[in-house]
Every structure is written in C-alpha cells, then in structure tokens.
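Here the structure is laid out as structure tokens; the discussion comes afterwards.
Residue numbers start from 1 in every chain, and the chains themselves are labelled A, B, ... in the order their sequence lines are given, proteins ahead of strands.
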Amino acid sequence: MSANPKHNAEDYIRMYRQMVRIRAFEDNANQLYLSAKMPGLTHMYTGQEAVAVGICEALTAEDKITSTHRGHGHCVAKGAEFKEMFCELLGKEEGYCRGKGGSMHIADQGNGNLGANAIVGGSMGIATGSALSAKRLGNGQVTVCFFGDGATAQGLWYEVMNMAALWKLPVIYACENNGYSEYTKTAEIAAGSLTARAESFGIEAFKVDGQDVLAVNKITTELVERCRKGEGPFFLELQTYRYHGHHVGDINREYYRSKDEEADWKESRDPIKNFGKWLSEQKILTEEELGAVDSEVAAEAKAAVDYALEAPYPNAAEVDMHVFAGVEHALDYLAGGRA
Amino acid sequence: MSANPKHNAEDYIRMYRQMVRIRAFEDNANQLYLSAKMPGLTHMYTGQEAVAVGICEALTAEDKITSTHRGHGHCVAKGAEFKEMFCELLGKEEGYCRGKGGSMHIADQGNGNLGANAIVGGSMGIATGSALSAKRLGNGQVTVCFFGDGATAQGLWYEVMNMAALWKLPVIYACENNGYSEYTKTAEIAAGSLTARAESFGIEAFKVDGQDVLAVNKITTELVERCRKGEGPFFLELQTYRYHGHHVGDINREYYRSKDEEADWKESRDPIKNFGKWLSEQKILTEEELGAVDSEVAAEAKAAVDYALEAPYPNAAEVDMHVFAGVEHALDYLAGGRA
Amino acid sequence: MTREITLSKAVNEAIAEEMRRDPTIFLIGEDVAEAGTPFKVLSGLVEEFGTDRVIDTPISEPGFMGMAVGAAMTGSRPIVDLMFGDFIYLVMDQLCNQAAKTHYMSGGKLKVPLVLRTNMGATRRSAAQHSQSLQAIVAHIPGLKVAMPSSAYEAKGLLKTAIRDDNPVVIFEDKLMYNDKAPVPEEEYLIPFGKANIKRAGRDITLVATSSMVQVAEAAAKILEADGISAEVIDPRTIVPLDEETILNSVRKTSRAIVIDEGHQNYGVTAEIASRISEKAFYHLDAPVIRMGAMDVPVPFSPALEDLTVPTAAKVVENARKICRGELVHAA
Amino acid sequence: MTREITLSKAVNEAIAEEMRRDPTIFLIGEDVAEAGTPFKVLSGLVEEFGTDRVIDTPISEPGFMGMAVGAAMTGSRPIVDLMFGDFIYLVMDQLCNQAAKTHYMSGGKLKVPLVLRTNMGATRRSAAQHSQSLQAIVAHIPGLKVAMPSSAYEAKGLLKTAIRDDNPVVIFEDKLMYNDKAPVPEEEYLIPFGKANIKRAGRDITLVATSSMVQVAEAAAKILEADGISAEVIDPRTIVPLDEETILNSVRKTSRAIVIDEGHQNYGVTAEIASRISEKAFYHLDAPVIRMGAMDVPVPFSPALEDLTVPTAAKVVENARKICRGELVHAA
Ligand SMILES: Cc1ncc(C[n+]2csc(CCOP(=O)(O)OP(=O)(O)O)c2C)c(N)n1
Ligand SMILES: Cc1ncc(C[n+]2csc(CCOP(=O)(O)OP(=O)(O)O)c2C)c(N)n1
Ligand SMILES: [Mg+2]
Ligand SMILES: [Mg+2]
C-alpha cells in the first residue's frame, strides 16, 4: 500500500469511514433481504469498497458518475445519506427516487450521481454524453462511468469510446473487474485484453489494484486533473472481488467459484482491513479509534434502517406522477392531452 | 503486384473477367439510374473490384459471404448472373429476390451470399452466426463478412469479434476501407487503429492493398485455409476507393473530397487497368484478348439489361407472399390465423 | 399420463425433447449452461447436450441475437434465451430489421427458423427496466410470430411448435409463473399457432386475456358467476397470428367484451384486439369493448405503487358488472 | 407575413431559431454538419453554429443516442438526427429504457429534455430497411411524447415545441414531404402538443389521419364532397399525448370514422385511435370504425408491389362510401 504524501490524515480517515459505511450499508441491506423486509432483490457491493471510495474521493460534488446494478457503493461514496438510501431500498416516499427506483436505480442525484442502471452497460452513453455536455458548457466537470467486466461485452462501450477519443472528452471509464459476470468467469467471456481494447482507440489505459484505496485514489486524482486539462478520456481496469453472490439470492455458488477463492480474497485482500492496518501502522488512527468509526457507522446505519422501516410508502396518487416533467398526472395527460 | 505461383492462367483470366463484369454491371446500373429507368437509388462498387474478386475467388460456392448496401460487386464476385441481378435492380419478378429486395438486398442466395444489408454493420452478427453454424455442423464452410470503414463504428462488431475469438469461429471480417463513410473522411470518425481494435480481442489482423487483386486473393486464400483448420477468426483491412459518389445521386462532392484525389486513384491505382497491364506483361493475355473480354462482358451486360427492362413485374398477389415461410398469403394468415 | 409440473419444467422439457429430436437445434444466451439461467429454467440441459449445444455468451444481446439469425439462415435452428424481456430493445434491429425481413427481402429464398424465448410480467419489485411486457412492439412487425403461454401446459406445447416453425418466433413467458404448476401430459403434444383456447365457456361477456392475465380473467369469471354473470374466457395463445374468428364468435354470442393484457395499455395489445372486435362484431355489441392494459407509467419499484399498475381480477369484475348491468360507460 | 417554404426549410428554421435563442441546444447525428444530412434538411446550420453545436458522429446510433441522454441530464438540450426511422430499432434501449424512464426512476429529480428527429414513409423504392413508419412502437412507451407533423407549417411549430419540452420527444417527419411547400408565417409560432387540428370540417364522417395521411384524407374528402358526403379531417398532430376529446367530439357528431396511419396496421397506431373511438363514442357510432394502416408486410422494393402497401385516397373513399351509405360491413 503506497502512501500519497499530499493527503492528510483527515482524507484518510474519511476514506476509511466511507468504506466502512458502504460495508455497513450492505450488511444491513442483506439483513433486510434475509428477513424478508426488503422488496425484490439486490446486488451487494461488499468487497469492492476501495474502488468506489478511491474514485469518488478524487471527484468534486459537481463531477458526475454513472452507476450500475451493483450501485449502493457508488452512491454512498458520492455522498449520499443512509436514511434516503434505505428508504429507497424499501420503496418508501422519502427515498432518493421516492421509492420509484429501488436498489437498481438508487442515486443521490444532488451529488452528481446520474443514476444506477439495471441495463448492463446502459450508462456508458449517458456518462459519455455528460462529458460532452461538460466540455461544451465549459464547466470543467469530469464524469466517471462505473461498469463491470461483464459490461465490456456491450457494443455500446466501443461506440462511445470512439467518440470520446475523437472529441477528447473528460470521461473516465472505470471497469470494476471482479472476475465474474453473474455466474461466469471473466476469462470465459472476454477475449484478448481489456486495456488493449481501450488503447486501440487511442485511449490511455491503466490496470490498478482495486483493493488498495490509496492506489485507486492516486491514479484517479491524476486522471481527473488531466481530464480537466482536456487530456481525456481514460480507461481504468480495477481488479477487485465481490464477497457475496451475484445478488442476495445467489447462495450456493460453488459450481462457479470455490469457497477457497472467496476466503483468500477476504483474508488477504480485504480493502478495509488492510487500510485499517495501514492507518494504525502510520499512527493515523489507533485500533480503538478504528473501532469507534465502525461503531459510529453501525449506529448510523441502524438508525437509518429503523427510520426507513417506519417511513411511509408513497401515496397511491404518486403512481402516475413524474412520468413527464411538467405534467402532474400522466394518466389525465395521456387521456386528454392536457398537462 | 505479386504473382502467386500456385495460380494458373485460367484463374487469372477469371479474376480479370470478374472485375470487368463488376465494373460493367455498375456502369449499366448507373446509366439506368441516370435515364430514370431504375427505381430508388444505389451505391456503386466501382473502384473496389479487386476486393470482392480477390476474396470471393478464394472461396467455394458453399462458403458464405454477407454483403452491404454497396453489394453489387460482392454479388457478382460470388457467382451471380447479370440477368437476375438487373431484374432485381428493376424490381422485376425474375430478380434474385423476386423484386422484393432491390439494390440494397441483392443476393444470389444459391451461391452462399446471405444477403446485402441496408443497415450499416447489420450483417456482422449474421456472418458470425453463419460461422458458428458451420463450426457446429462441421461442414468446413468459411464465412466472409464484408463491411466498410464506417461500419467499424457499430458496437455490434466488437460484440461478435469477442465471441468469434472466444470460440475460434471460421469467419473473416473484411473491412473495405474506402476512406469515406458517406460524406465523411474515415479519420474523422475512427479513433486509433482498426487493426489494433481487432488485435485487442486476440484476432490476427492484416492490412492489404485492396487495389491489388492478387495480393487480396493470396492473403484470403491463406486465411480461408487457416479458418478451415480452426485457426480463425481473422481481420482484413483492405485499402480501396470508390470512384463514384456515396450513392448515384451524390454528384457534387468537392466539399468532402477533391477531384484531384479521385483522379489520382483512377489513374494510378485502378485495379482492372493495373491487373490487365500485368496480365499482358506476363504474356497471359494480349491486349487484344483483354479487349475481347471487355467486349464480351459488355455484350453480356447489355443483353441482361435489355432482358430486364422487358421482364414483367411481380404480380400484385405477390405482395403478401414470403412474409412467413410456409404461409402462402400473410394477410389471410394474420386476419384468421390460418396458414 | 398427466402429471403436474411447473412452467419452468415444461419449458425445459419442450427444449430437451426437441433437441433430442433435431441435432441442428442449439441454445444460446447468458448463463444458460451451468447456471441454467437465473430462473433455473434450463437446468440440466448442458449436462445432457454439452456446451456445444448449450452456449453461454458474453453480455452481448445484439451480438448473439444477430448470430442466431445467421445460424438460422445456414442450417441451424437456434433458440435464443433473452434473460429479461426488457432487453428486447437491445436486439430490436437484429430481430426486426434482419430476422423478420430476411425471408421476404430474399424473395422467399432464405429462412430464419429461430425462437427468441424471453419473459414479461411486473410485481416482482424489479423496477422499470426488469418488469416490462413488451409483446406489442414485437407483434407490430410483419414477419414475426408471437406466442404468449398462459400455463405450463401452454408453455410446453407452444414452445415445441415455435421450435419447429420455419420463421422467427418470439415467445414471452411470464416470469412470475415459472413456479406455477399445471397438469401436463407425459406424451408428446404440440399446440398449433393461431388457435385460441376457450378456457371457460360463458354466455354474458367475453374476457380475452393473454399470458398470466388468463388467470386474472378466470378469477374474475368465478366471482362473476356468483353474481349470475356467465363469462367466457378466451386465451388467444398467439397474438400473431391472432385467432380472430374464435374471439369474434364468442363476442357475437355474448355481445360484450373486455380485453386484458399486461403490456402498457396505450398503443398496446388490447388496442388491436379491442379494435378488431369493435370493427368486426360491431352489430353484435351491446356495450363498448373495455381495454385493460398495464398503467401507462414506467413500472415503479415500490410495492405500494407497483401493484396499482397491473390489471386485477377485482377491476375486471368491476368493469364486467358495469357493462353487464347495462350501465352506460362513456355515454357523454 | 406568410411565405411558402418546404417542410425541409421549416425544420431548418425551427432548429436555427431555437439554437439562436438557447445556447444549450446542440445537434448531433451522422453527416449533419457539412453535408447537412442526405436530405439536406440541416444545410447551413454548421456555418452559423459551428461544429461545436452541429456535431457529426460516426455511424454509432446507440452511442450518440445514449450520449444525448447523458447530455440532456446535465444541462444540455440535444437534438438527435436519426437518418432513417428504420434505425430506431438500434436506439430503442437508450430511448426506451433510459431516456423515457429516467425522470420517473429518479422520482422526478433528473430530466431528459431531448428531441429525436427522424423520418418515416414508404414509396421511395428504398425497400424494407429504409421505409418503415415505426411511430407505434415508440408511442407504446410511457415517458416519450410523439409528434407527427403533416406539413411544413406543422413541422416548424411542433419541432419548436418539442425542443422547448423538458421531456424526450420523438418527431417523425415524412421523408417524401421534405420538398412539399406550405404557407409558414415569418413570425414565431409554436404548436402545442395534444391539440388536434381540424383540417377540414364535415358532418358525415370523421377521417383521423397522421402525417402524410392527412393529405390522403383531404384528397379523399374532396372526392367524397362530390358524392355529397361531407368528411371532417382531423390531424392529431401528436399521437402521445392524443387529443381524444377533439376526435371524440367529431365522431359524436358524424357517427362514423376511419383512422389512417402509414405504420403497419397490425398492433399499430390505428388500433389505439380506433379502439378509443369505439369505446368512448360507442353510443354515437352508426358504423364500425375502419382502420387503414400500411399492409402488414415488410416494405417491398418493387414499385409494382410497394404502392399496394400504403393507404390511398381511393381506398379511403371506397371505405367511406361503404359506411356512409349504410352498407353493412362485417355483418356476418
Ligand atoms: C443488458 C443486460 N443484460 C443482462 C443483464 C443481466 N445481468 C445483470 S448483472 C449481470 C452481470 C454483470 O456483470 P458485470 O458487468 O461484471 O458486473 P458485476 O455484476 O460483476 O458487478 C447480468 C448478466 C442486464 N441487467 N442487462
Ligand atoms: C445503421 C445505419 N446507419 C446509417 C446508415 C446510412 N448509411 C448508409 S451507407 C453509410 C456509410 C457507410 O460507410 P462505410 O461503412 O464506410 O461503407 P461505404 O459506403 O464507404 O461502402 C451510411 C451512414 C445506414 N444505412 N445504416
Ligand atoms: Mg463482474
Ligand atoms: Mg467507406
């Protein structure tokens, strides 16, 4: 783990806390699922925390991200609050999307999160367009497009990489290579090399240890800076691992990956454990202080869960609201043509 | 121009004749358009003859090709007859597609042409699937997928290259880089390198002079052989030039390319002229014999045009036939559900 | 011999039987092999037929859909598995510009015998991109046949027919019905396309319903029976081709109709069926034909909202009572 | 001041005026800049607004459609040029899963103000992949508005409204009408969405027609006039939202209706409009509502066949005479 001298302790501590917050969020979400309190299902980000945090800590609140079906981590890292997130997960009115989005569309839009997406690769165009918009409007914003290794099989990526490269757009394609897309190993679905694919469009590409939050943060900080100078786009392949199944219901998974492999990642490459160890080695936080962060976050999560469980569902009248901007109720509008 | 010692004179002469046939076909098609005898419009293959002929001469009649909106050349080269082709161009019943396809869907299906396609890149999946089919059925067939430089911007290509590479499919992606997609230079729409794009999927890629029929034929013959041995897929970038506008109606084109550039290609890089010169240098055909080929082909084309102009249109009852295989008339079927 | 099996098992059996019969058939899609799809519909097939015929793909819907078209043109009979019906948007070009038109554009020379199996159905709390019922947009395109099985029995018989058809067929399974059981004979059977099924005979009103809406219509019919209203329930089985005759004969008898489908109502399946009834049984109708599609909103995640968006038996009953009692509807 | 200009020029003016007014608007598509599109609709715009706002793309329809969605979410107002309506299939995911649903899925937090300009219309001898009229499949998806201008005047007014709308709007121009002229005021005007236009008043029958079918209906109305049949011609202008009220009011008066649209008939636009009329004007109808869509076949290339596939004035007249004379239609 490589220290970045420009960072001060406060930054480190915030990164640690944010990683812990993601894990706590997911542990609670998993519990909500297992106790049948959460509708539908969800994809846990646990294990990949250093990616979201390392990247989002290199962005301002005005910078944009696009997220995925495995999007809780990005949402937390970009600045969202637990209360609105749990409300969203439970389909409650106070959720970020008023309960209309749920786990797969969760986003704190006010902090530059352009949305999680249930279409694999579906946000690649959106992210690139956000970068085009930023370039045209001259607002200096950078957009990070998160996606998985599996999403590299979507043709859309090549289309937008080509345009991003031609037009030098301030976008960073961040591929979280967690080794699997659903129940299939990456090697079985990706020929050749992912970095070479980006490079063939003239895009600079980097492979990074996605379990090392400082390494992720360092390279992202550099690339964001270069994007702002008009040197984008860039491609980052982040090697990481998801601890849980593909989704919360994917319990028996030995037919596609071994328990040993899982244990190995958790033991030796856990991003939180390792960063915590480093923080205490560097005397930035003591063991006790680390423990205090964990407990504070746990309490924050519990309070938010309790709140969300009691929060009201949206009113029935909401069902046809927000179909069209500027139209109160879509059904009246569609029947009569009156807004 | 590099001689291939394995070829004998007969092969050379057939290649020459096929190139001349393509040019004659296009000249007649252009005349039909200019004299308002042809419905719709069409995209001339003139100038690119060495690509279609060099490639198709390396294939058997059982091998498959997929073609494009600029597909007359592929169709002729794969073995089609003028009569059925002109009938198709004029929407007549005896056309290869009974007049239902026209210029953009013309194909001699019996010779392994799976169709021209009016969707740029639209045949990339079809070609790759044909190769998958051949591999599964073990029939040894190779498929060549023709497309233009512009089509490399379609995401579909990357999706199917990935699968072709993973599964070692017997398909050759043949990109006819004629420097333009419609009214735009290739450099403005393609970042990086086309061959590198294929290579990034682990696909061997080659850049070839598409005006040199022997060079095209040589490399294709080798790659077809390797495909049959399970060493596919491959990518070929063929540098070539279209003499006419994007389509027959694209007359004033100086705003996107200069007359000088056009003249230069026609003068110094014409595939037919140069190959004819080589044939006479090699004493394979005399000037007179070359001239005789030209006149024979001209006569063949004229006869076919005359025939097609007089040939009947399809009967009105044809309009709802061939919508569904096994259903005589689709409208009865759709109204009543009876085949 | 008839036993009760799930819809999922019925689909699995249909595919296995056909693959045994015809070696040119292969399956292609995401996680269809070892995983047997997320819904486990295809479990066991790769063990019997091997990875050569049960092919796991990358997440490249346009790519493998296009490949299926090419394979179908060249002697294979692919069955494409599209994990969620919502991904149909991604394969529209290959499905509608290529598969649907190839036979016609080639003047009948090329055939595209392929099956696109996908699903539909809301109320699974899967939100707007995993809950759509997109049958209407496919049914609009000439050259495609569209089947909508309403039970395990239907799913098996229709799928076998689809696999043997020489045209591209899209089949929509309701993902909420995968575990629903129904009696299915052990002997082989096929269900022809374009022959509607009169699920329940009735005198007073015709309920035309597709897929899981057949259950909704049957539940409504039972409640109406207690009211003394006799409802005939018709399952068209295929919406392309549509068995107009059976539907019209029923309405000519009952003089009233409600059409129920889980796709969005606006420009949806109910519009086609209702307008055909209104036009062609015009002189027999005693009341307007009522359409009941899904609400014209993206499918919301929240259970409190999602359940409001789909047609229910209670609402069918309410509408049926209204028109059967002669209440004027839209009489303004 | 009103002058006669082509539909093409009207579109060009609408875009230029709006781009002058609002610097966040940009144009994106294939060969939109120097070439001004193959139909030359956008000629001159790059000269005025530069390549920064008139952006030529590679042939990547899903890509630039997706980029437009992202740009629209972040302060820009893109106008996407899709060269042929047939390519809509390629952008369906970005249009229907992303653009259409973003506002709803975000609980109203994000907006997607974009216009997708594309075209429709057969009889140009462009065969099955360059002749489709695909408005029905877009109209089915909640979250999209759909406009269908029927003249230069309509094209300009509707496009300006579309550009100012905060939602994704799809606008279908009939490519055969690009050179058709109509009077267009020099002063600025907008045409609101959801307000149908009564093109011609009449007593005996209502002809509801979209896009170029309005001309067909008007031609039919003229012929019918000589027969003593007075036809009212209604142009809905937008099919989402649909001005049901104006249509219903007309039918309540005339008691008869024919609906004409150039999309395929099966599961098409005519089904929605006809079924709404049949349901909601039920007690006023003297005859079945007749639907006239394009024939349900892929569009054939041959002129001998292609012309048979589209609705014509002669056929409208024939149908209108039949129902106005009280001949029984489908009386079996
Ligand atoms: C277009 C599309 N195809 C398929 C799916 C189903 N699906 C959801 S997640 C997933 C795997 C994605 O893998 P990857 O991109 O590596 O992300 P990860 O789940 O590993 O985070 C698949 C196939 C989908 N949601 N969208
Ligand atoms: C999907 C799609 N987009 C756009 C078009 C319109 N179009 C027809 S040909 C063409 C240019 C193709 O360029 P290229 O692939 O280089 O082939 P070339 O015409 O040079 O042979 C375009 C944009 C189309 N037919 N299909
Ligand atoms: Mg992954
Ligand atoms: Mg080109």
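- Interface remark: B:Leu331 contributes no atoms to any contact with chain C (heavy atom separation under 4.5 Å).
- For the options C:Glu61, C:Arg53, C:Gln98, heavy-atom pairs under 4.5 Å to chain B are most numerous at C:Gln98.
- Ranked by non-hydrogen atom pairs under 4.5 Å with chain B, the options C:Asp52, C:Val69, C:Asp166 are led by C:Asp52.
- Contact record, B:Leu114 with C:Leu110: O-CD1, 3.7 Å, taken as the closest heavy-atom pair.
- Judged by distance alone, with hydrogens and angles left aside, the side-chain atoms of B:Ser133 form a donor-acceptor pair with the main-chain N or O of C:Thr74 at under 3.5 Å.
- Counting heavy-atom pairs under 4.5 Å between each of C:Pro62, C:Pro168, C:Pro58 and chain B puts C:Pro62 at the top.
- Residues B:Trp167 and C:Met67 share a closest heavy-atom pair of CZ3-CE, 3.8 Å.
- Remark: the backbone N or O of C:Gly107 is not paired with any side-chain donor or acceptor of B:Tyr96 at under 3.5 angstrom.
- The part of B:Met321 that comes within reach of chain C is its backbone (N, CA, C, O), which places non-hydrogen atoms under 4.5 angstrom from that chain.
- Taking chain C as the reference chain and counting heavy-atom pairs below 4.5 Å, the highest number among B:Thr143, B:Leu166, B:Asn162, B:Leu156 is found for B:Leu156.
- The contact between B:Val319 and chain C is made by backbone and side chain atoms together, counting heavy-atom distances below 4.5 Å.
- Across all non-hydrogen atoms, the minimal contact from C:Ser76 to B:Arg136 is OG-NH1, 4.3 Å.
- There is no contact between B:Asn139 and chain C, counting heavy-atom distances below 4.5 Å.
- Heavy-atom contacts from other residues, nucleotides or ligands closer than 6.0 Å to NZ of C:Lys253 number more than 12.
- Between C:Gly143 and B:Phe324, the shortest heavy-atom distance links the atoms C-CE2, 3.4 Å.
- B:Met163 and C:Ser60 get closest at one heavy-atom pair: CE-CB, 3.8 Å.
- C:Gly63 approaches B:Glu159 most closely through the heavy-atom pair N-OE1, 2.7 Å.
- Comparing C:Lys101, C:Arg276, C:Met65 by heavy-atom pairs within less than 4.5 Å of chain B, the highest count is held by C:Arg276.
- When each of B:Gly110, B:Ala164, B:Gly122, B:Gly101 is scored by its heavy-atom pairs under 4.5 Å with chain C, the top score falls to B:Gly122.
- With a threshold of 4.5 angstrom between heavy atoms, B:Lys135 does not approach chain C through any atom at all.
- Looking at B:Leu137, only its side chain comes within 4.5 Å of chain C, counting heavy atoms on both sides.
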